[in-house]
Amino acid sequence: TLFFGAFRRLVRESDLVLLVEGSTYMDTWGSPLLWSFLWASHCAAKLGKPCMAYAVDAGTLTPFNAALARRVASRTGLIVTRNRAAAARLRELGVTAPIASTADNAFTFAVRDADRGWVAREWPRAAGGVVGLAMVDFNLFPAVMRPWGPKELCYKWPYYFSSSPQRARAGTMLARGYASLADHVIESTGTAVALICMEQLDETLAARVHRLMRHPESARVFSAREHDASRMTCLLRSLDLLVTSRYHAAVLSLAAGVPQVAVHHDTRLATIYEDVGLKEKWFVNPGPAGSLAGGFAALRLFKDVRGRVDA
């Protein structure tokens, strides 16, 4: 998303431009991702190439990005969203391109038969039941472009996660809160805890939570970097309960009717919970990034989460 000249060349050499990314029309992750998709759409329109945006979502945008998205996205040949709410947000934004809605195909993802039951086979502790925590350190977002920065905050050069003393304190409180929640689950139910990393960037938080736990022997980190989609889906669908900030953890587990609680991260998770009727009772909003820096805010968040888990 840095080399815009390469984007234009790729569009020029293609017969069809297909944009596939759930966060296409939002800037939660960071503006550069949005700009790269809009630039590809713009190049397609200028070069007379058909362009389709498939299974995208729409969420919060700064005023500048909203104006840019309205102008450029309107020139897209077809936009396919993965829920009606996203389509409605685009229309409210003023996007005039044709928009269709469809369910996320992750709902019908088929796993390999050989992967069924793999968690219990490889982790005997899971035989007594597993509660999953699919966590996100939302204090790291949005990502920003910069020529250099701390190595530990580099997502993929030149993108770095947001940082400040307040965000760092909030990240610490988040890790402590999840560690306390994991220990509570183990002590009150006897089940094991799976610390689930849907993306590699979740591994730092998961490892931190694991180190802070009183019962780390009853928990294990599972990362999509080490396990493919079939194995991760089998894990998610085998859970007794899921606490998630990851959209696809929620979607992939719903096919098995896994009870779940969401800790709000972005619009996608809020929308899916509203669509399936879970938002009013099983959705917790921690507030804006950095808001957990105060101990009271973190205590209130995890008190709410624990109450829903115990229910």
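Numbers for residues simply follow the sequence, beginning at 1.
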Looking at side-chain heavy atoms only, is the closest gap between [X] and [Y] below 4.5 Å?
X      : Y      : answer
Val17  : Met52  : no
Val130 : Val193 : no
Val261 : Leu242 : no
Cys51  : Leu19  : yes
Asp202 : Met135 : no
Ile196 : Leu236 : yes
Ser245 : His264 : no
Val144 : Phe161 : no

ILVMFWY cluster, [X] and [Y] together (side-chain gap under 4.5 Å):
X      : Y      : answer
Val20  : Leu78  : yes
Leu235 : Val209 : no
Ile99  : Met26  : no
Ile186 : Leu239 : no
Phe64  : Leu93  : yes

Tell me which donor-acceptor pairs under 3.5 Å the side chains of residues 251-259 have, and how far apart each pair is, sequence neighbours excluded?
unit_1: Ser253; atom_1: OG; unit_2: Ala249; atom_2: O; d: 2.8
unit_1: Ser253; atom_1: OG; unit_2: Ala250; atom_2: O; d: 3.0
unit_1: Ser253; atom_1: OG; unit_2: Gln260; atom_2: NE2; d: 3.0

Work out which heavy atom in [X] is nearest to a heavy atom in [Y]; give both atom names and the distance.
X      : Y      : value
Ser223 : Glu203 : OG-OE2, 2.5 Å
Ala73  : Leu38  : N-CD2, 4.4 Å
Arg75  : Arg71  : CG-O, 3.7 Å
Arg237 : Val111 : NH1-CG1, 4.1 Å
Ala40  : Val11  : O-CG2, 4.1 Å
Met213 : Ala182 : CE-CB, 3.7 Å

Go through Val263 and Leu269 one step at a time and tell me if the side chain to side chain contact (heavy atoms under 4.5 Å, CB included) criterion holds. CA-CA 9 Å; Val263 178; Leu269 195 58; over 6 Å; no

Step by step, work out the side chain to side chain contact (heavy atoms under 4.5 Å, CB included) result for Tyr25 and Ile79. CA-CA 11 Å; Tyr25 300 116; Ile79 298 173; 3.8 Å; yes

Checking salt bridge (Lys or Arg N to Asp or Glu O under 4.0 Å) for the pair Arg231/Glu122: CA distance, chi angles, key distance, verdict? CA-CA 12 Å; Arg231 286 169 68 91; Glu122 297 188 13; 3.0 Å; yes

With the threshold set at 4.0 Å, does a side-chain nitrogen-carboxylate oxygen contact exist between Arg167 and Asp137? no

Any ion pair linking Arg225 and Glu199 (charged N to carboxylate O, less than 4.0 Å)? no

Take Asp115 and Arg112 through the salt bridge (Lys or Arg N to Asp or Glu O under 4.0 Å) test and state the conclusion after the steps. CA-CA 5 Å; Asp115 289 334; Arg112 294 185 297 265; 2.7 Å; yes

Parallel, tilted or perpendicular, as decided by the 30° and 60° cut-offs, for the rings of Phe4 and Trp39: perpendicular

Kindly assign one of parallel, tilted or perpendicular to the pair Tyr273 and Phe283, based on the angle between their ring planes and the thresholds 30° and 60°. tilted

Do Phe222 and Trp123 pass the ring pair (Phe, Tyr, Trp, His ring centres under 6.0 Å) test, and can you show the C-alpha distance, the side-chain angles, and the key distance before you say yes or no? CA-CA 11 Å; Phe222 294 88; Trp123 188 29; 5.6 Å; yes

For the pair [X] (side chain) and [Y] (backbone), establish whether a donor and an acceptor sit closer than 3.5 Å, ignoring hydrogens and angles.
X      : Y      : answer
His248 : Ala106 : no
Lys279 : Ala270 : no
Trp157 : Pro147 : yes
Ser74  : Thr96  : yes
Ser162 : Pro142 : yes
Arg308 : Asp304 : yes

Let me see the working for Arg125 and Glu217 under salt bridge (Lys or Arg N to Asp or Glu O under 4.0 Å), right down to the final yes or no. CA-CA 9 Å; Arg125 180 66 176 82; Glu217 73 284 353; over 6 Å; no

Could you please spell out the steps behind the ring pair (Phe, Tyr, Trp, His ring centres under 6.0 Å) verdict for Tyr160 and Tyr155? CA-CA 5 Å; Tyr160 289 81; Tyr155 172 63; over 10 Å; no

The criterion is side chain to side chain contact (heavy atoms under 4.5 Å, CB included); which residues satisfy it with Ala85, sequence neighbours excluded? Asn83, Arg89, Thr271

Got a sec, which pairs hit side-chain hydrogen bond (donor to acceptor under 3.5 Å, both in side chains) with one end in residues 170-185, sequence neighbours left out? Thr172-Arg208, Ser180-Arg306, His184-Asp310

Stepwise salt bridge (Lys or Arg N to Asp or Glu O under 4.0 Å) test for Asp275 and Arg84: CA-CA 9 Å; Asp275 282 351; Arg84 289 189 293 271; 5.9 Å; no

Side chain to side chain contact (heavy atoms under 4.5 Å, CB included), that's the test. Do Val136 and Leu205 meet it? Break it down for me. CA-CA 7 Å; Val136 174; Leu205 176 59; 5.8 Å; no

For the pair Arg8 and Leu47, evaluate side chain to side chain contact (heavy atoms under 4.5 Å, CB included) and give the outcome as yes or no after the intermediate values. CA-CA 9 Å; Arg8 183 179 178 86; Leu47 295 170; 3.9 Å; yes

Over 12 foreign heavy atoms within 6.0 Å of CZ, Arg214: yes

Does the side chain of Asp57 come under 3.5 Å of the side chain of Tyr247 through a donor N or O and an acceptor N or O? no

For the residue pair Ser31 and Asn65, confirm or rule out a side-chain donor-acceptor distance under 3.5 Å. yes

Would you give the length of the straight line joining atom CG of Leu61 to atom CG of Leu68, rounded to the nearest 0.5 angstrom? 9.5 Å

